[in-house]
Structures are given as C-alpha cells and as structure tokens.
J.: 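Quick one: the structure is below, and I'll ask about it shortly.
Sequential numbering from 1 along the given sequence is applied to the chain's residues. Counting starts at 1 for both ligands and their atoms, in listed order.
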Amino acid sequence: MSAFIASSVLARSTANPRASSVSTRVASTTGTRAFAKCHGADSLSARDALGGSSRVPSRTSTPARSTARFGVRALDAAMPFDNEARAAKRLRKLKIGIVGFGNLGQFLAKRFIDNDHAVIATSRGDYSDAAKKMGARYFPDPDDFCEQHPDVVIFATSILSTEATINSFPVQRLRRNTLVADVLSVKQFPKQLFLQRLPDDFDIVCLHPMFGPDSGKGTWKNLPLVYDKVRIGEEQPRRERVDNLLSIFEDEGCRMVEMSCEEHDRQAASSQFITHTVGRMLGSMELEDTTINTKGYESLLNLVNNTSNDSFDLYYGLFMYNKNATQELNRLELAFSQVKAQLFDRLHTLIRDDIFDIDGSSPEQLKAAWEKAGETMNERGYKERLIDQVNSTGVIGGSRDEPDRKGAQSEAPSR
Ligand code: NAP
C-alpha cells in the first residue's frame with residue numbers, strides 16, 4: 001500500500017514539478033524503502049521503485065529548486081549516476097591471488113574474473129597460457145606473486161601438498177593484514193596450519209565450496225559454500241573484505257553455510273568421503289550405459305562421473321586429513337558385509353530347501369554324504385558348496401513362500 005502511495009505521489013510530482021516538497025520527500029525515502037521491504041530487497045534503486053526511468057523527473061525540464069530537493073533524497077537510493085554507489089562498487093573489486101592453479105584453482109579463477117575481480121595465480125607447474133586465456137596474470141615465482149600484494153590469497157593446493165606449500169611460501173612479502181583463505185575439502189587441518197604458520201595480523205577464513213568443476217560447471221545456485229571466519233580483525237575494512245569475498249559466492253546463488261571447521265569435518269566424513277568412496281568403487285566396476293537405465297542407475301552413473309575426474313590425491317586427502325574418515329570407512333565396510341550376509345543367508349536357506357526337495361536328504365544324511373566325500377562341515381566349506389551348487393545347477397528355490405522358509409531356517413542343522 002505504502003509503495004502504491006509512494007509511486008502515486010511521485011507520479012504526481014513528475015507531472016507537476018511544483019508539487020509539495022514534503023510529499024516528494026516522503027515519497028522518495030519512505031516510499032522507496034517500503035517498496036524494497038514489500039519485495040524483500042535489501043536495497044532498491046529509485047528507478048526500480050518508480051517502475052522505470054521514464055518516471056524519474058528530468059533535470060532539464062524541472063525547475064532548479066525542486067530538482068535539488070528530489071536529487072538529494074534520491075542519492076541514498078543508488079542511482080546510476082550516483083558516484084557514491086560507483087565508489088562502493090570499485091571498493092568491492094578485489095585482487096585475488098590463487099596458490100595452486102590446478103582443477104579447482106582455475107575453475108574458481110574464471111568465476112572471480114566473471115565477477116569483475118582481478119586474479120593473479122602461482123603454482124608448481126606453468127599455467128601461463130591457461131591464465132592468459134581467462135584474463136588472469138600468472139607468476140611462476142611465489143615471491144613475484146606475493147609482491148603483487150593481493151587483497152586475498154586463496155590456497156587451492158592439494159590437501160597433501162598444502163603444508164609444504166605454506167612452509168615455503170614467502171608470506172613476509174605479502175602486505176600486512178592480508179586475508180588468507182583456503183578451499184581444501186577438509187577444514188580442521190588448514191585452520192590449524194594457518195593459525196600456526198601465518199603472522200598474527202593476517203586474517204583467516206576457511207572455505208569449502210561443496211562443488212567443483214563438474215558439479216558446478218553451470219549455475220552455482222543452491223550449491224553449498226561452507227565458511228568459517230577463523231580470525232578477522234576488528235577494523236571495518238577487514239570485516240568488509242571478508243564479506244566482499246563471500247559475496248562472490250552469495251551473488252552466484254550459493255547456499256551460504258557458516259559452520260565451524262570441526263563440524264564441517266564431522267559432517268563431510270559421512271557425506272562427502274562416503275560419496276567419493278562409493279563413486280570410486282562404482283567407477284572401478286566400469287558401469288556402462290544401458291538402453292533400460294532406471295533413474296536410480298542414472299544417478300549412480302552421475303556419481304561416477306562427478307567423482308572420477310577428481311585426483312586420487314584429493315580422495316586420499318579426504319581420508320588422511322579428516323580424523324572422522326576411518327570410522328566412516330569402517331561403517332561402510334560393515335554395512336556392506338551385513339547386506340552381503342543377508343543375501344547369502346537367504347541364498348543358503350533357499351538352496352537347502354531345494355536340496356531337501358530334490359533328494360529328500362535329512363541334514364544328517366547330507367552331512368554324512370559330504371564328509372564321505374572328504375569335506376568338512378565348517379561354515380566356510382558349507383557356504384562355498386552351496387554357492388557352487390547354485391552356479392552349476394542354477395537351482396534357486398522359489399517354490400516355497402516366506403513363512404515356510406523361515407520355518408525351515410529355524411530347523412536348520414547346527415554347524
Ligand atoms: P588436487 O589434486 O587436490 O590439487 C591440485 C593442485 O595442487 C594443483 O594446483 C597442484 O599444483 C597442487 N599440487 C599438487 N601437488 C603439489 C606439490 N607437491 N607441491 C605444490 N603444489 C602441488 O586437485 P583440485 O581438484 O585442483 O583441488 C584443489 C583443492 O581444492 C584441494 O585441496 C581439494 O580438496 C579442494 N577442492 C576440490 C574440489 C573439486 O571438485 N575438485 C572441490 C572443492 C574443494 P600443480 O598443478 O602446479 O602441480
């Protein structure tokens with residue numbers, strides 16, 4: 001309603017530039033804010049609030065006094081000619097230095113450049129051409145890189161090489177108060193490393209884009225970006241700088257998740273590490289497209305696709321540098337054994353039932369026959385024998401219904 005009133009008043013003032021200055025003032029401030037509030041916007045330009053530039057009073061056709069009043073009120077609403085807004089935008093442009101210009105380093109660099117930030121990079125290999133192609137500057141020598149004084153330095157090195165890279169990195173050549181970040185897929189490890197190795201006056205933010213060149217090759221909408229502001233100085237520009245960096249991800253549509261590095265690693269072990277493990281297992285099975293793919297099978301193929309391009313170093317890092325990973329791997333192994341045991345127990349019952357159906361042997365007769373043939377009735381020999389029988393005869397029951405089988409199971413001979 002107030003937005004409607006605001007635009008009506010402004011429309012009147014446009015038609016009649018001599019309209020009450022009080023009304024104009026109310027409309028240009030209250031109206032704009034009310035409109036922004038109604039539409040859930042944090043900020044809104046006066047042009048938007050008015051529904052288009054055609055309704056903004058023209059400088060030339062409006063008498064000087066009323067233009068001045070309207071103009072002053074419109075300033076805090078970020079008009080296109082507003083120098084303040086332009087200056088603020090300029091401030092938001094960061095010089096971002098990326099250390100480790102591999103798969104993820106380049107992927108992020110492209111998006112930073114698309115968002116009007118300047119990117120410089122350094123890495124062990126020579127990525128001059130790749131950098132040039134995307135509009136970044138490449139410095140093979142880390143000293144030269146640091147002397148460019150980036151606002152932010154992001155470590156996108158492999159988890160395994162990060163410690164050695166930081167140890168030999170010439171941080172003393174960076175500007176004091178530089179913001180240092182990482183994008184490693186584990187978080188406690190770089191956090192501790194940064195706190196131990198970086199000068200006290202450096203700011204630290206740990207990031208983890210929960211996506212990469214494959215899963216985030218299109219939009220980043222709703223893809224999670226986990227961040228932990230580990231140590232940020234009190235001064236306003238330092239707080240703005242980290243927010244500025246985070247806003248790149250936010251503006252790209254990422255789901256921003258503020259979370260401690262410790263909690264990240266706990267959750268990532270049971271989600272990300274398991275995903276990579278299963279993806280690798282399925283990948284080594286060389287699953288193929290079929291003409292009758294189900295949706296479930298399609299998602300397995302996608303999983304293989306999304307994890308197969310990641311380096312083994314990355315996967316190994318997820319395991320080695322997340323203290324929760326071993327436990328999750330054990331749980332996965334246990335779950336697999338349990339599922340397999342369920343199958344084999346059922347198989348065992350079905351085969352035994354069929355054996356009884358075919359030759360009418362009692363468990364004792366069967367045991368005696370096998371022992372005569374030189375076989376021991378231990379569990380292993382028994383199961384192997386059952387499986388051999390299925391493989392050679394193709395006999396799998398099906399003639400009996402579930403309650404019967406359960407009944408038969410309870411009468412099973414003790415082994
Ligand atoms: P990666 O194999 O984990 O890391 C490759 C990068 O590490 C390259 O820049 C490489 O430099 C550098 N590196 C490897 N060994 C090195 C060594 N001994 N000394 C110095 N540098 C070394 O692959 P990535 O996918 O690009 O991942 C980079 C980081 O991002 C990792 O920490 C990973 O956990 C994280 N991350 C990856 C993804 C993803 O989807 N790929 C997503 C989120 C986070 P050179 O190429 O110059 O040798």
J.: Specify the protein heavy atom at minimum distance from atom 22 (C) of ligand 1: its residue, its atom name, and the distance to 0.1 Å.
T.: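 Protein heavy atom at minimum distance: Ser161 OG, 3.2 Å.
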J.: Should you measure from each heavy atom of Asn103, which atoms of ligand 1 turn up under 4.0 Å away?
T.: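 Listed by number with element: 24 (P), 25 (O), 26 (O).
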J.: Quick one: which of Ser185, Gly100, Ser123 has a heavy atom closest to atom 33 (C) of ligand 1?
T.: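 Answer by nearest heavy atom: Ser185.
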J.: With a 4.0 Å heavy-atom cut-off (strictly under), which part of Phe211 contacts ligand 1: side chain, backbone, both or neither?
T.: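 For Phe211, the contact with ligand 1 is made by the backbone alone.
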J.: Distance from Leu174 atom CG to Gln148 atom CD, nearest 0.5 Å?
T.: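 Between Leu174 CG and Gln148 CD, I get 11.0 Å after rounding to 0.5 Å.
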J.: Name the option, out of Ser158, Gly216, Gly212, that contains the heavy atom nearest to atom 12 (C) of ligand 1.
T.: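 Minimum heavy-atom distance to atom 12 (C) of ligand 1 goes to Ser158.
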J.: With a 4.0 Å cut-off, would you call Asp203 and Arg238 a salt bridge?
T.: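 Yes.
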J.: Do any nitrogen or oxygen atoms of Phe101 come within less than 3.5 Å of a nitrogen or oxygen of ligand 1?
T.: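 Yes; the residue has a nitrogen or oxygen that sits under 3.5 Å from a nitrogen or oxygen of the ligand.
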J.: For Gly317, state whether at least one heavy atom is located under 4.0 Å from any atom of ligand 1.
T.: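 No; Gly317 lies far enough from ligand 1 that no heavy-atom distance drops under 4.0 Å.
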J.: With the threshold set at 4.0 Å, does a side-chain nitrogen-carboxylate oxygen contact exist between Arg176 and Asp200?
T.: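 Salt bridge between Arg176 and Asp200, a charged N being under 4.0 Å from a carboxylate O: no.
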J.: Under a 4.0 angstrom heavy-atom cut-off, which atoms of ligand 1 come close to Thr165?
T.: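 Matching atoms, with element in brackets: 20 (C).
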J.: At less than 4.0 angstrom from any non-hydrogen atom of His208, what atoms of ligand 1 do you find?
T.: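 It comes down to these atoms of ligand 1: 43 (C), 44 (C).
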J.: With heavy atoms of Gly125 as the reference, note each atom of ligand 1 found under 4.0 Å away.
T.: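 The list of qualifying atoms is 45 (P), 47 (O).
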J.: Which pairs, with at least one residue in residues 218-248 and sequence neighbours excluded, count as a ring pair (Phe, Tyr, Trp, His ring centres under 6.0 Å)?
T.: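 Listed once each, the pairs are Phe107-Trp220, Phe211-Trp220, Trp220-Phe249.
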J.: Using a strict cut-off of 4.0 Å, indicate which atoms of ligand 1 neighbour a heavy atom of Ser311.
T.: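 It comes down to these atoms of ligand 1: 1 (P), 2 (O), 3 (O), 23 (O).
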J.: Quick one: which ligand 1 atoms are inside 4.0 Å of a heavy atom on Ala156?
T.: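 Listed by number with element: 6 (C), 28 (C), 29 (C).
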J.: Going by the order shown, which atoms of ligand 1 are within less than 4.0 Å of some heavy atom of Val183?
T.: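 Near Val183, meaning under 4.0 Å from one of its heavy atoms, ligand 1 has 30 (O), 35 (C), 36 (N), 44 (C).
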J.: Can you list the atoms of ligand 1 that are under 4.0 Å from a heavy atom of Gly102?
T.: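 So the answer, numbered in order with elements, is 8 (C), 9 (O), 26 (O).
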J.: Which one holds for Asp182 and ligand 1: side chain close, backbone close, both close, or neither close, with close meaning a heavy atom under 4.0 Å?
T.: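 Near ligand 1, Asp182 shows nothing, with every heavy atom at 4.0 Å or more.
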J.: Could you tell me the residue and atom name of the protein heavy atom closest to atom 38 (C) of ligand 1, and the distance to it rounded to 0.1 Å?
T.: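 Nearest neighbour among protein heavy atoms for atom 38 (C) of ligand 1, to 0.1 Å: Leu104 CD1, 3.7 Å.
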J.: Between Asp182 and Lys187, does at least one N-O distance fall below 4.0 Å, as a salt bridge requires?
T.: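 The answer is yes: the pair qualifies as a salt bridge.
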J.: Kindly compute the distance separating CZ (Arg173) from OG1 (Thr178), expressed to the nearest 0.5 Å.
T.: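 One gets 13.5 Å once the value is rounded to the nearest 0.5 Å.
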